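The shown structure was predicted, so the numbers you read here are calculated from the model rather than taken from an experiment. Reminder, nothing fancy here: chain letters follow the sequence lines and each chain counts from 1.
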Amino acid sequence: MEIQILDVDYVQVDEKPIVRIFGKTEKGEVVCGFYEGYMPYFYVEKTDAVKELLSKEPQVIKIETVKRTPVGGYQKPKEFLKVTITNPSKTPEIREKLKGAGVKVYEADILFKYRFMSDFGLSGMQWIKLEHNGVQTHTVRADKCVQIKKIKPGDNSGNAPLRLLALDIECVSVQKGAVPDAKRDPIILISLVFSERYEGRDSLVLSTRPDGDVLSFASEKEMLEEFARIIEKYDPDIITGYNINNFDFPYILERMRQNKIKPLLGRCKQKSVMARKVMARYKISITGRVVVDSFEIIKKDFSLTRYGLDFVAEALLGEKKVDVKHSEIEKFWKGTNKDFKKLVEYSRIDSVLAMNLLVKLHLIDKYIALSRISGTLLQDTLDSGETTRIENFTLREFNKKGFIVPCKPDAKEVAEREKARKKHLKGGFVLEPEKGLHSNVIVLDFLSMYPSIIRTFNICPTTLVRNQRPEKVIKTPLGTEFASKEIAEGIIPKILEKLMKNRGKIKKKLKTTEDPEKKRLLNAEQWALKIMANAFYGHMGYPRAKIYDLDIANTVTYCGRYFIHETKKIIEEEIGYKVVYGDTDSVFVETGEDDLEKLREIGEQISKTVSDRLPGIMTLEFEKIFKRFLPLTKKRYMAWSFSSGMNGWEENIEMKGIETVRRDWCELVSDTTKKIIEIVLKENNVKDAVDYFRGVVKSLVKSEVPVKKLVITKNMTKQPKSYAGIQPHIELVKKMQTRNPAEAPGIGDRVSYVIIKGTGLLSKRAEDPVYVMEKGLEIDSNYYIENQILPPLERIFNALGISKSELLGNGKQTLLSDIINNNNNHKETKEIPITDLKGFICKNCQKTYSHVPLTGFCECGGEIVFSSSKGMAASVVCK
DNA sequence: GCTACTCGGGG
DNA sequence: GTGTACGAGTAGC
C-alpha cells in the first residue's frame, strides 16, 4: 500500500506510545497506519552522577552507553548516555530536572512525531509504502486502518487527490458597529463550499433563519452539530477559508463550547480541535486534516496594498464579492426574504472565493515542496517559519553522521545571544552609489553567495576549529579555521551541495517539461530548494536556534564583504570599468558601450575573469543590463532593466526601496510618479520630466485634475469620538453624521476624502468626494502639491540634481536644457562626442557637477562647461 | 536615524 | 503537545 503523508501524531496506550500516520492513496482512500514499539529517547553526558539521578526516575526504561559527537566545534566522538523512557510527554519534566542539576541534555525537546519521522526518514506530503496487517479500530475515521510492519519510500510523485472544504461564518454583534464577540454573539450562518460534490451539491449554507435556499435549524446548537456531521461525512483533507485561523475557527470553537458541543472535527474520534494562542495569533490543528488560511498565505506570498477579501479577489482572481458592508449584515439578516437571500449569497461567495484563491492560485504548491524537502508536516510548514523547517531538516542530517544536537536555548541564553549579536554581527557590504543618472550599467550577482561561501570553506559547527585541532585546516579570509574537507566534510556544506545540485537538476528538467501541472510542481520544488539553501546562513545567526554560532555567522558575512571588495578591485583595477554600486552580493558596472549584445559579452567576460580569480565555487554571474540606472540612496534605486529571457531581451522598470503606491496617497501620486520615472529612465529626458511635473502642478492649481484622482482613503477602526488626535477622515465622518447619519461610514469602513480650500485646520477641511463634486467645491491644490505629489517626487528629482525650489520654478526660467542650448553661443569651439561626456565643470574654480545648477553659473560665479575624459568643452556633438 | 507600539484580516 | 514563533508601518524619542 502506498500513501501520501498528511499528518502524524501519537496516542499513549498502556505506558506505550503508538504513532499514527494519516495519509491518502493515489485513488483517494484515507488510510491511518499505526506503528507500535517506537519509544521516546534523548541523550545526556555520561557521568556517574547522571546515572544515579536517572535511576530514580520511574519513567526511564533503558540507559545505554553510545558514541556520538556533539555539535559545537570540531571534535572526536565520545561516550554519551542514550536514555529511553515510556511516555513522550514526561520528557520535559526529566529534562528540566537534569538541567537543574547542571547536566547537559541533548535532543530532549523534539516533538515525538518528529523524532519518529526523523528516525524513519519521513517527510510531510511524502509518498511511502507500508507493509502492514489489517486492524480495526473505532477511534479513527479512515477508509483503512492498518498495523504498520515496515515503512519504505514510495514511488509516486505528484499529489493524491485532495478533498477540499472552504467555509465562512456570519454573525452579528449586539453592540452596534463592533466586531462580534464569540462569548456572546451567536453564529447565524455557515457557508460551505466543496471541491468534490457533497450529496450532489457543491455548496451549502446552514442558518438559523428558516427561509431561502438554506439548511435551516431551530437553534445554533443544532446548526453546529450538523456542521460537525457534514465535516465527518464529507471528510475533507484540507479545510480553507479567509482568515479562518484567527476568526472563523476560534469563533466556531468558542460557540461550540458555549453550546456544550465537543469539537470533534478531525479524523480521530477522540481528539478535539486545538486552538493554540501564539502571541495574539491562533494556530488551529485538526487531527488528520490540514487547515489552510488563504489570507495568511496571500499576505506572505503576494505584495499588495490591501489584503481584504474584496480587494484580493478582485486583484488576484478578477472575481467580485457580493456587495454587503459589515454594518449592513444585521439589516439583511433581519430584513425581508430578499434581503436574507442576499446575505446567504454573500456568505456563499466568500467561501467560493476562499476556495478559488487556494485552487486557482495553487497556494499550497510551495508549502508542499517545502514540507517534502525539510521533513516538516504540511500543517507545520504553513503555521511556522524557517526555524522549524531548518531544525527538522538538520536533525536528520546530523543524526545520520552520528552527531547529536543541543536543546534550544533558554530565555537567558537567548537574551545573551541577542546582545552579542547586536554588538558583533555585521551584515553585507553596501557600496555608496555614484550619484546621478547612469546609462548602460551591467549588473552581476554572486550565485548563492552565502551557501557558496559555506561550501568553499567547509564552514560548519562540526568543522569549526575550537578546542581540538584537526590535522589539516582551511583558513577563511577572516582568519577563522575549519577542518579541511578531506578530514571532515561539514554537514551543512554537504546539505547545501545536495540542495544546490538538486536544484540544478530540477531546473534542467523544467526546460524539457511541457505539462503545465508537472511544470508547476517542479517550479515549486526548485523554489523550495533555493529557499532552504539560503536559510542556513541566517539560521546560524538566529539567537533562538539550537545550532547557533556567532563566529560562523560572522565568518560568512565577512567573507561576503571581502569578496565584494575583491570583485570591485578586479573590475576597476584589472579590467578597467567603474563599479557604480553594489549591495551584499552584487556589483553594478558602468561601461561606455551601449549595444545590448556587446554589453552582455562584456558582462560574461567580467563574470569569467572574476570567478576564475576567486577561490572555491565562488561564481559571479552576469545578471542583466540597466539601460538606465538612477540611485537615490543606498538600497534605493530605479532602473530600466534588460535581461535575456526565452524570447530575447525582456525589459522592465525596476524599483528597489521606492514606494509608488501607498495607502495614504491618492491616485494622482502614483500616476505622476510612474509617468515621471518612465520619462527619466526610458526617454532619458530630465527636462521633459520637469515639464511634466510642472504640468501636473498647473492643472492642480487650475482645478483641472478629476476629483477621483485626489481621493485619499483611510480606515476607521473605532468610534469617531474615541480618537485622541484630530484626523481628517475622522473629522469628515463626524461631519457626515450630522448631515445624514444613515449614509455616514461606520466602524471598520473605509473613509474616502479630499482636502478642500479653506482657512481652518487641514483636518477640518477633509470633505466627502461626492459632496465636493455636487457642490463644486474647490480643491486645496497647495496641499496636494506639498503633501502628496512632492514628497516622493522630490527625492527622485534630488537624485537628478534638481532641488525643490528649482523644480517649482520660483519664477526663474532656468532649466538644464536652456543652459545647454545657450551654450551654443559660446565663443569656444572645442567639441566632444556625447559618449565622452562625464558631467559639468566650473571653468573658474574647477568644481564638478553632475548637473548644471539652474542659475547656469557656479557658486563662485564662474561659467559652467561640459567636462569629458579629454578635458573641458563648450559643446557636445551627437553622432 | 533609531527603537517601541500597533494593527492587520475577520463580522 | 518532548514547541511559544509574526511583520510592516508608523508614532515617538
Q) Can you tell me how far C1' of B/dG8 sits from CG of A/N243, to the nearest Å? A) 9 Å

Q. To the side chain of A/R276, which of B/dG9, C/dA5, C/dT2 is closest?
A. C/dA5

Q: Would you classify A/Y242 as touching base, sugar-phosphate or nothing, given that sugar-phosphate means primed atoms plus P, OP1 and OP2, and contacts are heavy atoms under 4.0 Å?
A: sugar-phosphate

Q. Which part of the nucleic acid, if any, lies within contact of A/F112, taking any heavy atom under 4.0 Å across all strands shown: a base, the sugar-phosphate backbone alone, or nothing?
A. base

Q.
Classify A/P92 by what it touches in the nucleic acid, base, sugar-phosphate, or nothing, heavy-atom distance under 4.0 Å.
A. sugar-phosphate

Q. How is A/N87 classified with respect to the nucleic acid when contacts are heavy atoms under 4.0 Å: base, sugar-phosphate, or nothing?
A. nothing

Q: Could you state the atom-to-atom distance from CG of A/N245 to C1' of C/dA5 in whole Å?
A: 14 Å

Q. If you look at every strand shown and take non-hydrogen atoms under 4.0 Å, does A/I244 touch a base, only sugar-phosphate, or nothing?
A. nothing

Q. Pick the nucleotide of DNA chain B nearest each of A/I329 and A/R281; which residue has the one closer to the 5' end?
A. A/R281

Q. When you compare C/dA8 with C/dT4, how far apart are their P atoms, in angstrom units rounded to a whole number?
A. 23 Å

Q: Could you check which of C/dA5, B/dG9, C/dG3 has an atom nearest any side-chain atom of A/D380?
A: C/dG3

**Q.** Rounded distance (nearest 0.5 Å) linking atom CZ of A/R396 with atom OG of A/S374
**A.** 7.5 Å

Q: Compare every heavy atom of A/G288 with every heavy atom of A/L6, then report the nearest pair and how far apart it is.
A: CD1-O, 4.2 Å

What protein N or O atoms touch nucleotides 3-5 of chain B N or O atoms at under 3.5 angstrom, if any, and at what distances?
none

Q. Hey, does A/Y346 reach any base, or is it just sugar-phosphate, or nothing, if we go heavy atoms under 4.0 Å?
A. sugar-phosphate

Q) A/D293 CG to C/dC6 P: how many Å, rounded? A) 17 Å

Q.
Output the rounded distance in Å from CD (A/E93) to P (C/dG3).
A. 12 Å

(Q) Given C/dT2, B/dG8, C/dA5, identify the nucleotide with an atom nearest to the side chain of A/T388. (A) C/dA5

Q.
Quick check for you: among C/dG1, B/dG8, C/dA5, whose closest atom lies nearest to any side-chain atom of A/M274?
A. C/dG1

Q. Quick check: does any side chain N or O of A/H424 sit under 3.5 Å from a backbone N or O of A/A420, one acting as donor and the other as acceptor?
A. yes

Q) Under 3.5 Å, side chain of A/Q379 to main-chain N/O of A/V291, donor-acceptor pair present? A) yes

Q: Could you check how far CD1 of A/I390 sits from P of C/dA5, rounded to whole Å?
A: 17 Å

Q.
Rounding to an integer number of angstrom, what distance separates B/dG9 and C/dG7 when you compare their P atoms?
A. 15 Å

Q: May I have the distance from A/L357 (atom CG) to B/dG9 (atom P), rounded to whole angstrom?
A: 14 Å

**Q.** Sugar-phosphate only, base, or nothing, as touched by A/D383 at under 4.0 Å among non-hydrogen atoms
**A.** nothing

Q: Using a cut-off of strictly less than 4.0 Å, decide whether A/R95 has a side-chain nitrogen or oxygen near OP1 or OP2 of C/dG3.
A: yes

Q.
For a quick check of understanding: with a heavy-atom distance under 4.0 Å over all strands, which category does A/I110 fall into, base, sugar-phosphate or nothing?
A. base

**Q.** Value in whole Å for how far the C1' atom of C/dT2 lies from OH of A/Y10
**A.** 8 Å

Q: Mind checking A/I169 for me? I need base, sugar-phosphate or nothing, with any heavy atom below 4.0 Å counting as a touch.
A: sugar-phosphate

Q: Under 4.0 Å between any heavy atoms, over every strand shown, what does A/R115 touch: base, sugar-phosphate, or nothing? Just pick one.
A: base

(Q) Does A/K408 reach a base, just sugar-phosphate, or nothing at all? Heavy atoms under 4.0 Å. (A) sugar-phosphate

(Q) Between the side chains of A/D109 and A/K546, is the shortest nitrogen-to-carboxylate-oxygen separation below 4.0 Å, so that they form an ion pair? (A) yes

Q.
Quick check against the 3.5 Å criterion: does A/D310 have a side-chain atom that pairs as donor or acceptor with the backbone of A/E314?
A. no

Q) Are OP1 or OP2 of C/dG1 and a side-chain N or O of A/K113 less than 4.0 angstrom apart? A) yes

Q: With heavy atoms under 4.0 Å as the rule, sort A/S384 into base, sugar-phosphate or nothing.
A: base

**Q.** C/dA5 OP1/OP2 closer than 4.0 Å to side-chain N/O of A/K277
**A.** no

(Q) Just checking A/Y35 against A/F116, ring centres under 6.0 Å apart? (A) yes

Q. Nearest-Å distance, OH (A/Y307) to P (B/dG9)?
A. 8 Å

Q) Which atom names give the shortest non-hydrogen contact between A/P180 and A/C171, and what distance separates them? A) CG-O, 3.7 Å

(Q) Going by salt bridge (charged side-chain N to carboxylate O under 4.0 Å, His left out), A/K113 matches just one of A/D9, A/D119, A/D7, A/D380. Which one? (A) A/D380

Q: Could you work out the separation of C/dG9 and C/dA5 based on their P atoms and round it to a whole Å?
A: 24 Å

Q) Looking at A/Y38 versus A/F120, is the centre-to-centre ring distance below 6.0 Å? A) yes

